[in-house]
Structures are given as C-alpha cells and as structure tokens.
8 protein chains.
Amino acid sequence: IRQGFAEVIFCQSKTDEHLVQIYEDLYKQDREVFGTRASEHQYECVKNIIPEIQYDRVSRILKYENKEKVRKGCIVICTGGTADIPVAEEAAQTAEFFGNHVERLYDVGVAGVHRLLSNMDTLRKGNCVVAVAGMEGALASVVAGLVEKPVIAVPTSVGYGANFGGMSALLTMINSCANGISVVNIDNGYGAGYISSQINRLAIQTN
Amino acid sequence: IRQGFAEVIFCQSKTDEHLVQIYEDLYKQDREVFGTRASEHQYECVKNIIPEIQYDRVSRILKYENKEKVRKGCIVICTGGTADIPVAEEAAQTAEFFGNHVERLYDVGVAGVHRLLSNMDTLRKGNCVVAVAGMEGALASVVAGLVEKPVIAVPTSVGYGANFGGMSALLTMINSCANGISVVNIDNGYGAGYISSQINRLAIQTN
Amino acid sequence: IRQGFAEVIFCQSKTDEHLVQIYEDLYKQDREVFGTRASEHQYECVKNIIPEIQYDRVSRILKYENKEKVRKGCIVICTGGTADIPVAEEAAQTAEFFGNHVERLYDVGVAGVHRLLSNMDTLRKGNCVVAVAGMEGALASVVAGLVEKPVIAVPTSVGYGANFGGMSALLTMINSCANGISVVNIDNGYGAGYISSQINRLAIQTN
Amino acid sequence: IRQGFAEVIFCQSKTDEHLVQIYEDLYKQDREVFGTRASEHQYECVKNIIPEIQYDRVSRILKYENKEKVRKGCIVICTGGTADIPVAEEAAQTAEFFGNHVERLYDVGVAGVHRLLSNMDTLRKGNCVVAVAGMEGALASVVAGLVEKPVIAVPTSVGYGANFGGMSALLTMINSCANGISVVNIDNGYGAGYISSQINRLAIQTN
Amino acid sequence: IRQGFAEVIFCQSKTDEHLVQIYEDLYKQDREVFGTRASEHQYECVKNIIPEIQYDRVSRILKYENKEKVRKGCIVICTGGTADIPVAEEAAQTAEFFGNHVERLYDVGVAGVHRLLSNMDTLRKGNCVVAVAGMEGALASVVAGLVEKPVIAVPTSVGYGANFGGMSALLTMINSCANGISVVNIDNGYGAGYISSQINRLAIQTN
Amino acid sequence: IRQGFAEVIFCQSKTDEHLVQIYEDLYKQDREVFGTRASEHQYECVKNIIPEIQYDRVSRILKYENKEKVRKGCIVICTGGTADIPVAEEAAQTAEFFGNHVERLYDVGVAGVHRLLSNMDTLRKGNCVVAVAGMEGALASVVAGLVEKPVIAVPTSVGYGANFGGMSALLTMINSCANGISVVNIDNGYGAGYISSQINRLAIQTN
Amino acid sequence: IRQGFAEVIFCQSKTDEHLVQIYEDLYKQDREVFGTRASEHQYECVKNIIPEIQYDRVSRILKYENKEKVRKGCIVICTGGTADIPVAEEAAQTAEFFGNHVERLYDVGVAGVHRLLSNMDTLRKGNCVVAVAGMEGALASVVAGLVEKPVIAVPTSVGYGANFGGMSALLTMINSCANGISVVNIDNGYGAGYISSQINRLAIQTN
Amino acid sequence: IRQGFAEVIFCQSKTDEHLVQIYEDLYKQDREVFGTRASEHQYECVKNIIPEIQYDRVSRILKYENKEKVRKGCIVICTGGTADIPVAEEAAQTAEFFGNHVERLYDVGVAGVHRLLSNMDTLRKGNCVVAVAGMEGALASVVAGLVEKPVIAVPTSVGYGANFGGMSALLTMINSCANGISVVNIDNGYGAGYISSQINRLAIQTN
Ligand SMILES: Nc1ncnc2c1ncn2[C@@H]1O[C@H](COP(=O)(O)O)[C@@H](O)[C@H]1O
Ligand SMILES: Nc1ncnc2c1ncn2[C@@H]1O[C@H](COP(=O)(O)O)[C@@H](O)[C@H]1O
Ligand SMILES: Nc1ncnc2c1ncn2[C@@H]1O[C@H](COP(=O)(O)O)[C@@H](O)[C@H]1O
Ligand SMILES: Nc1ncnc2c1ncn2[C@@H]1O[C@H](COP(=O)(O)O)[C@@H](O)[C@H]1O
Ligand SMILES: [Mg+2]
Ligand SMILES: [Mg+2]
Ligand SMILES: [Mg+2]
Ligand SMILES: [Mg+2]
Ligand SMILES: [Mg+2]
Ligand SMILES: [Mg+2]
Ligand SMILES: [Mg+2]
Ligand SMILES: [Mg+2]
C-alpha cells in the first residue's frame, strides 16, 4: 500500500472553469477523480467533459471511481440520527474511495440506546469507528464505552437553538468521559474518512 | 400537603453573624432548619447555638431535620461519575427534607452504559429522575430514552479543559435529542431537588 | 394512561418523499398524525395523500387529530410578547394532542407586570406552567415566584442585537433566582409541550 | 451647581505609597476625599495620615465627607437580593457624596414581585432609578415597566454556574423589552452613582 | 407634561393585516402614529388606509406626525461614521416625535478626533448626548470625556470580521473608562431616543 | 494482545482515603498501578502503603510499573515548547505503561520550523504521532503535512491573554487545513496516550 | 514622500448615488481613484461616469490608477490557500496603489511547509511580510520564524465548522509563539495593505 | 545592524534551577541578559550567581544591560491609564534593550483627549507608536487618527466586569476604524517591544 492517498477536490466556492480544469487534469492522470461539497450545478459542468462522472445528492460527492477497487479491512460508521447521514456518507465514500471496507450503522442515537446495543456485532467488526452526531453529540461517548478501537467523532451542525452550528456537539465529544475518542471539525466527514483510512491501513498492512 | 416548601438558607458568602441569626430564627420557628453551600467554619459557628445541627462534608448541607418525617413517592437521582456526587447529594437531601423518598444510582455514566441498563428497575421507580453529570453530560439523554417520566438534568462543573466550568455539559443537556428533559443551572443540586419535589408531590397528592 | 406518547414528526429538512411516507404510515397505523416545523410546501405534499390533514401557519404544525379526544388536567402556557406565540402554540398543540387541557395567557410580559397579576386565577389552575419568552426572558422568574408548581421555561429567539439568537433569554432562565424553574432549548415549544404533558399526567393519573 | 463632580479615587491595585499620596493631596485641596474598592489594609494606611477617614466594609468605600452637605432631589436605588447590596451601596454613597438624596429599596427581586409592588410610593419618588441585580437580572425590566423615569441597570457578578461572572445579568438588561433602561458594567456601582447624579442634577437644577 | 410617551409600533415581523389594524387604531385615537423598523412593503400597505403616512428609507420610520408639535430642550445625537446614521435617525426621530429638540452631529468618529473637537459648542448644548457608533465604538468614551451630561451609548452592527454583529462596540462602551456613560442594545436607536427623551424632559420640566 | 488496557486512576480531587484504597486494590490485583494528576501530598499518602511507588513531578504520574514490560511498535510524541512537556509526558508514560515504544521530540515548535525538519527520521518512525502544543497550536498542522500517519493533536493551556485556557490551540487544531488530524481535550495527555496506544496496537497486532 | 496616503473608498453598503458622487469627486481631484469591496453592480454605475474605471472580480477593487506610478521597496504577501487570494489581492493592490512594490507568494500553507521553504529568497526580499490565512491560520507563525522583518497577519473567514467566521485564525495569530507578528481584523486586506505600506515607506524613505 | 535580536528569557513558570542556568549561560555568552515576567523570588535566585543583575518591580524585567548601548531612532509608547504602565514598561525596556530610543507618554487615555492632543510633538517623533490600553482600549484608534506611522496596539487585562480579561480591549483595537493599526496579544508588552524594534530598525537602517 502506498503511503499517501489520492488527492481529493474540495469543490465548494471554486469557479466553474477552475473546477472543470482540476477534474479534467486529475481524471487524465489517475483514471479516477473524487470531489466533496459539489453542487448540482458543478455536477452539470463536469459532466460535460467527463460524461461518466457520478453525483450523489446526499453526500454531495462528485466522483468517478475505478470499479474493480478491492476494499480491505473494516471501518464502522454510525450516526445518531438520519439528518447526520450526509456527513456520514461523505466519510464513508471517502474511506471507500481510499480502498477501505465500510459498514454503516445509521440512526442509532443514544435516545434509544437499544438500537445501538442490538448492533454490537457490526460495531465490533471495525478497526476503528466513526461516530457522527449533532444536537448533543452523545453517541461518541456511548460507542467508545462499547468498543476497544479508536473512535473518530464527527460533530454535525444538525440541531437548532443553543447548538451554535455544531459547537455543542463538538464540546460534548471533546469533553467525553469515555476512553479512545478524538474529534474532527464540525461536519468534516471528509476528515473522518481520511483519518479512519489511515488507521484501518495500519491494521491491515501486514495481512 | 401544603403548597410551598420550607425556606432554605443559601449559606455561601453570608457573614457569620447574619447566618447564625437566620439559623436561630428559622430553627425556633420550625424546629427544623436546612442550609446549602455551608463551609466547615459556618458549621462551627452554628453549632454554638444549635448543638444538634448536622453537617455533611460531601453535600455541604448544614441542617437539623425532624426525624419522624415520612418520605413519600419516589425521586431517582443518578450521576455520571463519583465526582458528581456532591451535587447529587445536594439534590437528594433537599428532596428528602421536603418529604420525598429518594433512590440513588451513582456512577452510572454513559462510558459504561451497562451499569445503567442493569438498574432499570430502580430507574423506573421514580415519578421523576434527576440526572447529574459533568464533562460531556450525556447521561441525561440516555436516561430520558429509557424512562417515560420527566428528567431534570443538572450539569456539573466536573471536568477540565474545554468544559468551560460546566457549560459543555449544560449545552449537551439543552440540545438533547431525547424527549422529556429540562435543565437547571450548573451545579444547582438544590434547584433540581426543589423542582423534582414539586413533580413528585403532584404524583402523590391524591394517594 | 399508557406510558409513552404518540410519535411526533419533525418535518424540518425532511425530503418530500420521505415525509409523505411517514405521514402515510403513521396515519394508517393510528388514525392520527402530528408533525412540527412543517412548511407550506410540505402541507401541500401531505394533503395529496391525506386530504383531511390540517396546517396551522402560526405554529407550523401539520396534523390530523381525533376529534373526540378528552383533554384532562391543566397546563398553563404564557408568553412575554405576541412574537413568542408561534413557539407557545407549538407547545400548546403538542400538549393538547397528547390529551392535556391547556390554558393560554399570551402577551403578559414583565414590562407590564400587572397584566400577569390580573390573571392569577388562570395561572394557578395549571399543574405546571410553560413560560415562553424572548429578549430578556424575565417572565419565567416572575411566574415561578407567583406559583408553586413546576415552571418549564422556553427561551425564544425573538429579539435582536445582543440576544444571540435566544441565548440571552436562555441564560436569564437558567440563572433565575426563583425556585422551581427548569429550561428547554431555544424555540423548543415541542419539548416544553412534551415535558409539561409528562408532569400533568402524573398529577391526573389517579383521578 | 458646578458642572463636573469631585474626583473619585479607584483604590484597587494602587500601591500603598501612591494611594496615601493621592488621599493626602485631595484631602488638603477639598477637605473631602472619596475612594472606592478600598481594602481593609488600604484603610489602615490612609488612617495614619487622615485619622478621621471612614471605611465602610460593605461598599468598600474609604472617605471623609463634609457633614453639612445638603442632599437634593431623589435617586431610588433597589436591589434584587441581599448579595447585591455592596454594589448598591457603592452607587448610593457615590450619589450621596455628589450631593443627591438617595432612597434605598433592597431585596425586592422579581421572584417575589409583591415586595416591589408594595413599595411603589418610594419607587416613584426618584428622578431616576438604579436597579442592581445579579443572577438573571430581571429586576430592571420590571422596574422600568412600573416607572416613567430613566432606569440605570447595574448587573452584578452575584450567582454561579452559567452566570459568567455577571454576563448573564448584563445580557438580560441590555435585551430588556421594557422602555427606558440603559446599562453600565458588571458591578459598576460607582458608574451608576455617577450617571444617576448627572440625571438628578438635571431634574433639580432650576428648583 | 404627561408621564408616559405615546405608544410606538415595532413593525418588524408583524403580519400585514395586524400592522394595518394597529396603525388604523392608533391613528384614529391620537391623530398621530409612529412605527420603527418598517419595510417598503409595509409602507405601501399602510398608505392604502392612511394616505398621508410618511416613510423615511434611512431610519425605516413610518409615521404621521402632528406638524405643530413644539420641540423643547436639547438632545445631541452624534455618530462615528455615515453607516451609523440609520440607527441615529431612529433615535433622533423618536426623540422628536416625543417632543424634544434634537441636534445632529454625524460622522465625527475618533479616527479624526478634530471633527468632534471643532463641534464642542453643539455638543455642549445637549441636556444629554446620544453617541452612536459601530466597529470599535470608541466615540462614546471621547464624548463622555468632553461633556458633563449623561451619555447614552448605542453600539451598532456596522463593521465586519471580529465585530460579532456589534458586540465589540457594545463591550467597548460598557467597559468605557469615561464617567457618565450607559448603554442600550446594539442598533437600538429607538431605546436611546426614549431614554434621552426621559432625561431631557427632567431637565426642562420646570421651565 | 488483550482488548482493553489496564485501569488508570484519575487522582485529582479524590480524597486521601479513597485514593489509597484504590491504589492498594489495583496493586494487589495487577502488581502494577498507574495514576495521573497526582499531587506531592497524594504521593506521600500512597507511599505509606506501597513503598516502591514512583512519582514523577513533571508528568504528575504516580505509578508502579512492571520492569520487564516489552514496549512494541512506535508512537512519536512532539511538543511545540518546553512548557508543553508535562502534558507530553502524561501521554508518553501512559502509552509506555500500555506497552508501546515512545520516541520523544520536544521543543520543535513552528516558530523555528527547521528543528522539526531536521528530525524527519524520528518523526516518520511512528505508527502515529502525538502533537502537543499551546499558544497558537500550529505544530499539529505542520506535522500532519510531513507524515502519512494519524496525528493526535493535544492542545495545551500554555500561553496567556487571548489563549482562553487552551481554547485558541484547540480551535487551531480542529480547523487544521492538513489531512489526518484529530483532537483531544485541552491538556488531555492521558487521552492522547490512550488513543495512540489503540492505533499503535492495530499496527503491530500481527507482528 | 508625503505623510498620508490617498483616500480609499469603502464601497460596501453605500447607495449608488452616494458612491458615484464620491468616485467623481475624488477622480476629478486626483486623476486617480481607488475603492474596495465593490460589487459588479457598483462597477456598472461608476463606469457610466468614469469609462476608464477598472474592476477586479477577485479582489473586488474598483479603481483608476495612474500608469506611471513608480513602485518602491518591497512588501511580500503570502497566503495559506487559494481561497485566501481575494483578501491577499485587496492587500496587494492597496499597497501597489500607495506606491509600493509587491511580491506575491500564494498557496504556501503550512500543510505543505516545503512550498514555503523553497521560496525563502522571495520571502526575505520584503521589508515586511503580509501573511494571509484562514482555517487554522498557522502560516503567520511559520513565516515569522523564517524572517526578521515585521509580519502583518490577516486572518480570513475561509473555512467552516468551528472556524467562527475567521475567529479561529485570528486567535491563532494573536497567540503566536513566534516573534514579530501583529494582527489586523478578519478579511481586512485593506488594513494590511495600509500598514505594510507605512512600514515599507519607513524602510525606503532615505534611499 | 544584525538581523535578529538577542534572545529574551520568558521567566514565568520556569523552575529555579532551569532559570538560573539559562541566565548564567546567556550572560557568559553575551555579557548581557534580559528576561520578562520574573518574580521577586526569581530575582533572588539569579542574584546569587549574577550579583549585578537588576530587577524592576513594575515591568517585572530581570536584566543586566550593557551601559554604553546607543539607542537609535524613536519609538513612542503611550498608555491609557496608570494601570497599563507595567505592560508599557515591558514594551519600552524590551525596545531599549534592543537598541532603540523610547519616548514615554503615559496616562493619556481618551476620557481626557486633551492630554493626548497637548503631546502631539512627542507623538509625532516616533517611527512607530505603541498604544497600550485596557478597559475599552479606545486609545489606539485616536492615536492612529493623529499620526501617519504604524501603530502597534497592546490590549491590557486592566478593567473588570465585561472586560473578559482584556478581550474587550482586543476587540476594540482589532475593529478600529482608524488606518494603520495592528494588534498583539493581551498584556504582550514584549511582543510590542519586539515588533516596534523591527519597524524602527527599518527606519534608521541607512542613517
Ligand atoms: N469536505 C472537505 N472538508 C475539509 N477538507 C477537504 C474536504 N474535501 C477535500 N478537502 C481537503 O482539501 C484539499 C483540496 O483543497 P483545494 O486545493 O482547495 O481543492 C484536499 O486535498 C483535502 O485535503
Ligand atoms: N444551593 C442553592 N442554589 C441556588 N439557590 C439556592 C440554593 N440554596 C438555597 N437557594 C435559594 O436561595 C434562597 C435563600 O437565599 P438567601 O435569602 O440569600 O438566603 C432560598 O429560598 C432558595 O430559593
Ligand atoms: N426599534 C425598536 N427597538 C426596540 N423596541 C422597540 C422598537 N420600536 C418599538 N419598540 C418597543 O416595542 C413596543 C411595541 O411592541 P409590539 O407590541 O410588538 O408592537 C413599543 O411600545 C416599544 O416599547
Ligand atoms: N513577555 C513575553 N511574552 C511573550 N513571549 C515572550 C515574552 N518574553 C519572552 N518571550 C518569548 O519567549 C521566548 C523564550 O521562551 P522560552 O524558551 O520558553 O524561554 C523568547 O525568545 C521570546 O520569543
Ligand atoms: Mg473505548
Ligand atoms: Mg423519556
Ligand atoms: Mg415557584
Ligand atoms: Mg419605564
Ligand atoms: Mg462625562
Ligand atoms: Mg498527514
Ligand atoms: Mg520573525
Ligand atoms: Mg494613522
């Protein structure tokens, strides 16, 4: 396995010309290309030059991915609610693009802790777990109490009122009383996908 | 049951003379007296005039309580960790002084969710539940998901770093995705004892 | 009285297909259905499949409610100003849907404290009181000083300047010097409706 | 009446030598001298050179005041609780030193609004009212709703938890829905005494 | 002079029907009517029923004012920059509507302190001064150092970056080292107009 | 390798009796014992019952560790300045106690980026890197740009002024533009030691 | 060299008529004119009266500049990423308009510190350096460690999540452990262009 | 003139042995030594090995400085109040140690703007000006409006209440509407001394 991962395009706020150029260049070079935070409009622009490009409205990922890629090891990605799924999918598809096998456990938030407990088998398969949650963000603490693998916590901006655009979830996760949690920026699914890929790679490197 | 509860003395930052005076007056009037946030030194002062006064170093409550008081109904008080016990005891003893039966479930934090789950019988006994937790304060969400009674959440200042003296726990609780949670001030065990007494009283009034 | 309350739909940010599906399923199952934070557009969508559905532009509640429901006990809901009414109505209609009798006392803010004082009869009818207020949110303190029942305080985002989207009202309520107040999230009428229903249910359960 | 007021010494954090020097100079010049935020130790130092100096442990004011001063007009100073009295006394004694008549209404906080209402006669005597309150600081709103004179609101740092050293009271007062309130810094009794003196002077100037 | 001032309508976020109704009622009752924060669209609505109504695009005030009103005493209103003028005009026209004479000193901010100094004559005419400033809000301190009358400071949301919607100016003004400043909410021209009217009225009452 | 790690004692704010009891119990059970945030006084207490206990004044770790433990794999721990070393040592000794080999790179902060660059060999040895830094906390970004392994960032409370007890460093690290960084709480050396141990264990498990 | 610099127009939020008037006046007076934060629409308005006016969509600068201007000395302006370029160009073109020679080093952020190191020659040419960066803003610290000239740090609002509109970058820069950094407001390219012009002028004044 | 400045010791929180060692080493090497934030106790320790060392209780600087050093150019350092002098002296003596001539203008705060205006001659002598102020920190804006040289603004933690340990002054300075201001950390006199030395050196280099 090579050291670094393929370059990922952050589409947000790029001009159309600039974006199309980058997609064209990377696609020519790698026969693959992967971008996050793409808009519907950006999809249309890129499709003109790469007709096989694929856009996922949920994760807002715009990519063309090699179909034969083998996905190794295991990363588990769970969310507190359904509104956290777009961020979780950004993480999941990033990790898949980097060649990792991903298991999804969505809508297993702590207000109904039995949904999480009835999925302990899946949860324990991961070499690491990504916990995505907004509002009070308590999912990460409960998960980290249940598994002995590193937990990457992703606060989301889901919620309202005193959630301060995700800051409440971030603080919950940073102050967690459970062992084995580290945190990335609010809504940063990409970052969680990246670091979980680094960890999973370490776990599988000698297999 | 009469409407209001007995007057409670907030000892903190009162002068010695003033405090001793209030204790003396209330004791004479009610043959009972109850104060929160008392220091060791304040205990010594009051003992001079009310030798039977009792001081609890954990809750910092300084009281003389009628021994035959009947404690009715049920309030469950749980904490995330052992460091939250002083605040929980302020709540518990306030509620007991107001004539309520209290069940304690301490150190059942979400990093080990099975401790909580193995106490479901106790948890469900309460007409309401007081959830006391610092750090990330996730206990309230998990508890509210498990019971169908009002949950009074008490954030504590336990923790360090980005806990902002309890603000992180307060935000967690205010933003909870679980139904049936309302929140009092950081470390306000007294307030939680008071409001849970009001709720328990409603539940038992016609029995 | 059964333990839990009926499921409530949080309409905000759900896709049209998803929302219509949930309304259809719940309606089939219960012959009732109740959702909060619905938009005009979502109303149109749901009306296509449930023509008898009703939309309230003030509270943004989209529901079909069994007409013979008996509403028991009493919850009093008061607001500081007229701009707080949408949040108060979210609370009131939630409580009514859960089978509680509600009394409304709107626009009784503390800048004219006599309006509140001249409604003491109504205020004292409640097994609990919901106090909804934005700007400085002082209503909850005054109300809690006047009644001996639990007060659920709902800060609203009404105001401008240094109100920080409702945070000033939330802090006022959390720091209240009056006994018997607990607080829910900014603009969380639903949450206040839920917890006041739990409290009212306790009060009426044996009648 | 002359335009400016006499110079006031801010004792806090001044060195002993520096402080003694200023007291000596001002006393020689005016046969009066007035300082705020003085410590017990600073009192001892100054007493060595001005034996007739007077120290008030509550307000922490260290002064020698001309006994025949006529105090004119009327400023009403009220507090929410007894813990706010030190700040209120700083305001009151400042205003008195500047030649104004002061009426005190202490411990009339909004958790018991009837104490305030039963003092309407006094409240309405003032050409302006200073409202001193910590915790949630709601006193200013209620007062301003009851009088038609300018209200100077002084937030205090009294409280704990999410009071942020008085910031919660400051925000309450700044966001007040009542007309006729303006606000000074947390614990700034001196500032309120100064500005209320300016206002009272305007009211009495032609009498 | 009667005690209270005429009622002022806060137009923002009122429905068209509600607003038109209030304008009609007040106009019938007083032959005058005055509202703040009105939109162009609201002007059109009200014009239909009160053709003589007048709308000022700068201050966003929508009023019909008795032409023979005598304006007494003097309030000086100054701004740091030209972008603060809308807030200043809300204050000025409110004070004028309440029967006060107003002098305007606009764009005299502290980055060019000589503009302020060359207007000392005007500045000293006021029974009180309203200082309106955004960005760093230093104007209030300089003005209060130059006059011996009460200064009402109005922070504005003018600025960008770390101005936090006016919070930086508010903090500057609250922490001012100058004597005689009190502060109202960010952009609250109306509040400053009200309180300065109360002060000016005290100064002129016996003339 | 077994799944969980040995229990670690958080000494801070435990009573003497409680602490001594826990040390005694764990020591009897495991012939090893490890606690963080211990004071000099707590060391004296524990020494009475476990004379071979060892106290490190820098990291404040109080432990007795099996001398033959084999330390496997590699974790690199680097700091920005010398004042960050106590936190780094808490991390390093935690990881060592859990059986991991640690390389230390202290005082390689970004104000002198060449110190870091001249240690690339060491930096690249780690299966993961712990970056400990206060003040502006920029070290984590530079390190993550230089290595392809997971970086655990630990903000410290080192600094003054607008560092907000470490919050500035935390925000820097959470917002990093470099790939592969996740963050733990301010001064949480223990947490970084724990999660880096989990990661290193994954990397070495099959060797 | 004259003392002050030419007047610069802050176009944002000016009315069309007002803006066109200022452009016309300044252009007549100086045969040059320079404004920042101009919109496309404002460009159209001004072009009607000054057809030779030039608008740069990146920096949003709207100017007509004397072509023979000699640009002296050297200011180096570098950015962390490409998204920071609009702010950097505001700085660069401001400095050029004031007669300074500018060298640009864009996209040299600390996640790839070698891009910066391979441009040491350019970096050292400056009499001062402007470092423009968003997200974590670490660029300023690394640059200040590499040069012995004053570094003006400009935080940008580039980023998302916990970047608080640029506040995270501002705090990073203010807390920098490197010597020789001072900071301007978020996105304040103009301010950095101004102060770097003042510094460069001092350096070249006697040549 | 050589490029860098001599190394300065940050004494705060260094152990006695470590500090004495650094002083000894630097003194041997340079025959000069300079440290900031030294305590009385640290002075005693260092005096044992460098008897000629000098300690200034105001600035808390502990140094031995070559007496024949020529101080060139001019840096003006002004403060708002006398309480800001310790920070100003840290700046002044740092700049003097680095070979710069310093002019002091203390206690010229904006509440009495004439004191500043009557010192225009001194103010204009500086190649740059350091403006040190706490509370509302408005001094920097007024100074920058009066001079055409770079102004380095130093917020201080002087004040109370809503000054947030200097954050209010920092925000004032960062948001200044005056041209030519950049800001260093709260109480960072050393940093201002350093950067003003860099600027002054540029101005004098060819003389
Ligand atoms: N969703 C995302 N959030 C944060 N960083 C991202 C994201 N997607 C891509 N990136 C990073 O942004 C870099 C590309 O940035 P740019 O050069 O502006 O396109 C990538 O190499 C990633 O490091
Ligand atoms: N620990 C506490 N926290 C908050 N409020 C309290 C506490 N203990 C007592 N109180 C309240 O403080 C009131 C007495 O305040 P005081 O008159 O200052 O003694 C009581 O009636 C309670 O309302
Ligand atoms: N611009 C304003 N800012 C703050 N309060 C205002 C403003 N204009 C009017 N008000 C207040 O709002 C009250 C009317 O509120 P409402 O009943 O919602 O129309 C008036 O009596 C004033 O007290
Ligand atoms: N008062 C101060 N505030 C901030 N930084 C300082 C101060 N005094 C010295 N320094 C910096 O701290 C460095 C020395 O730090 P240290 O290696 O911990 O002694 C010096 O080279 C300066 O860059
Ligand atoms: Mg775990
Ligand atoms: Mg529940
Ligand atoms: Mg009550
Ligand atoms: Mg009033
Ligand atoms: Mg004044
Ligand atoms: Mg990396
Ligand atoms: Mg440097
Ligand atoms: Mg200037």
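Chain A is the first sequence line, chain B the second, and so forth, proteins listed ahead of strands; every chain is numbered from 1. Because the structure is a prediction, the values reported are computed rather than measured.
Looking at G:I181, only its backbone comes within 4.5 Å of chain H, counting heavy atoms on both sides.
At a threshold of 4.0 Å, the pair G:E32-G:K63 does not count as salt-bridged, since none of the basic side-chain nitrogens sits closer than that to a carboxylate oxygen. One finds a salt bridge joining H:R104 and H:E96 here, because a Lys/Arg side-chain nitrogen approaches an Asp/Glu carboxylate oxygen to under 4.0 Å. Contact check on G:E89 versus G:R60 returns no salt bridge, with no Lys/Arg side-chain nitrogen under 4.0 Å from an Asp/Glu carboxylate oxygen.
Within residues 184-193 of chain G, the residues approaching chain H closer than 4.5 Å by heavy atoms are, in numerical order, G:V184, G:N185, G:Y190.
The two atoms that bring G:P86 and G:V58 nearest to each other are CB-O, 3.4 Å, heavy atoms only.
G:R201 forms no cation-pi arrangement with G:F98, by the criterion of a distance under 6.0 Å to the ring centre and an angle within 45° of the ring axis. For the pair H:R57 and H:Y55, the cation-pi criterion (under 6.0 Å, within 45° of the ring axis) is not fulfilled.
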